[in-house]
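Here the structure comes first, spelled out in structure tokens, and everything after it is commentary.
Numbers restart at 1 for each chain; the letters A, B, ... are given by sequence-line order, proteins then strands.
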2 protein chains.
Amino acid sequence: MYDNVKGVPLGLQIRWLRQDRGLTLEQLATRSGTSAPTLHRYESGWDRFEIRTLERIATALDAGLEVRFVPASPESDPEQTTEELVEILAPLFWDRELQVSDLSEYPSWVLGRVLMYGQREQVRAASRFFGEDAIATAVERREVDDRTRNYWQAVLADSCTPRS
Amino acid sequence: MYDNVKGVPLGLQIRWLRQDRGLTLEQLATRSGTSAPTLHRYESGWDRFEIRTLERIATALDAGLEVRFVPASPESDPEQTTEELVEILAPLFWDRELQVSDLSEYPSWVLGRVLMYGQREQVRAASRFFGEDAIATAVERREVDDRTRNYWQAVLADSCTPRS
DNA sequence: CTTAACATTATCATACATGATAATACGATA
DNA sequence: TATCGTATTATCATGTATGATAATGTTAAG
């Protein structure tokens, strides 16, 4: 219905800006190379514009015109593979190369390292893989110092709403 | 020169979205009630659109179209905080909420997204934060297609004079 | 009351955005 | 090589956005 998916009809926007600038229809028409009756038509409900017409009007109003496609949010991100997780966490295992098998054989060790040194996104990735319970448990382990523990408990409590 | 004062030609946006959706010209043409040659014309540099045409295409691409007047930017903007940058870039990260930490942890990823989908002001904001070298490097990455690369290289070379 | 400024309505001609169509080009595959 | 799917180029007819113009309405001021 409206030209602008965000709501305010373009004609109203033109009128507001024009009045804000203290211009009459005739003055704006002169500045934008159109006519007062045409502008009136636009301000009164016209909704089938050419972009260049709007641009000329915008310029005359000392404004810009923004026209863009707004992608709808696509499908939720695909399932994360084990290999991808290893890749994400690899930087944290500078002393020993992380293997895919480590994720299943030494989950506590992996998680401890992630919590101690990982960034938020790495922890999130791990959480998605191991589950939140595993993270909560790992946070309680003694290798994790208090400061880190408090930090992650605060962060994870805060971000209990995963992006869907 | 461009339809969209903020940067990415509408034709490029159409092409990106179409390819992102995995549609051929013919498929999109059918969905949007136009023809493949017409779409090709649009994707190839056409810049005099009617709003309703763009809207039909957007709908066929499961996207929206945003058209609005943008009041001229007042006094030059003050120093930009990290939070502000995140806010500016947030719309580009529709599939996953952008965090402040992402800026430091995954700069390449962030910049890639910004270059692929961002508007000029978003790229500028990113450039101010990451530095022009980072942008130049990001432009060279392979996720950025040739056309986009050429575009930004042209634009950024053009605007090497920062606003003072 | 008259006048001027501004807004509003209606009509019409012109430029041109658009889609249909045909022809051709290109890349991948058998 | 031939074939197919897709993209690209070119031409043309149609619908319509647009601005010019005339006429009319509204409001404020003198």
Exercise. Please answer whether the main-chain N or O of B:E66 pairs with a side-chain N or O of A:R68 as donor and acceptor at a distance below 3.5 Å.
Key: no
Quiz item: Hey, is the side chain of B:T38 poking within less than 4.0 Å of OP1 or OP2 on C:dT18, counting only N and O atoms?
Solution: no
Quiz item: Do we get B:R48 above B:W46's six-membered ring, with its NZ or CZ under 6.0 Å from the centre and within 45° of the axis?
Solution: yes
Self-check item: Closest-nucleotide ordering on DNA chain D, the 5'-leading residue of A:S32 and B:T24
Solution: B:T24
Exercise. State whether the distance check finds a donor on one side and an acceptor on the other, under 3.5 Å, for side chain A:R48 versus base D:dG15.
Key: no
Quiz item: Could you give the distance from CD (A:E50) to CD1 (B:I51), rounded to the nearest 0.5 Å?
Solution: 10.0 Å
Exercise. Would you confirm whether B:R56, through its side chain, and B:S32, through its main-chain N or O, come within 3.5 Å as a donor-acceptor pair?
Key: yes
Quiz item: Any idea which of C:dA20, D:dA22, D:dT18 is nearest the A:P37 side chain?
Solution: D:dA22
Quiz item: Quick one: is A:T34 getting a side-chain N or O under 4.0 Å of the D:dG19 phosphate, OP1 or OP2?
Solution: yes
Quiz prompt | Pairwise 5' ranking along DNA chain C for B:A36 and B:L54, keeping only the more 5' one | solution = B:L54
Quiz prompt | D:dT18 OP1/OP2 closer than 4.0 Å to side-chain N/O of A:T53 | solution = yes
Please list, for nucleotides 25-30 of chain D, all pairs of protein and nucleotide N/O atoms separated by less than 3.5 Å.
none

Exercise. Would you tell me if any nitrogen or oxygen in the side chain of B:R52 comes within less than 4.0 Å of OP1 or OP2 on D:dA17?
Key: yes
Quiz item: Under 4.0 Å: is that the gap between some side-chain N or O of A:R15 and OP1 or OP2 of C:dA7?
Solution: no
Quiz item: With the threshold set at 4.0 Å, does a side-chain nitrogen-carboxylate oxygen contact exist between A:R31 and A:D62?
Solution: yes
Quiz item: Are B:H40 and D:dA7 close enough that a side-chain N or O sits under 4.0 Å from OP1 or OP2?
Solution: no
Practice problem: May I ask you to say what A:S44 touches in the nucleic acid, namely base, sugar-phosphate or nothing, with a heavy-atom cut-off under 4.0 Å? | Solution: nothing
Self-check item: Charged N-O contact under 4.0 Å between A:E43 and A:R41
Solution: no
Self-check item: Any A:Y42 side-chain N or O less than 4.0 Å from OP1/OP2 of D:dG19
Solution: yes
Quiz item: Is there a donor-acceptor pair closer than 3.5 Å between any side-chain N or O of B:T38 and the backbone N or O of B:T34?
Solution: no
Quiz item: Within the pair A:R18 and C:dA7, is there a side-chain N or O less than 4.0 Å away from OP1 or OP2?
Solution: yes
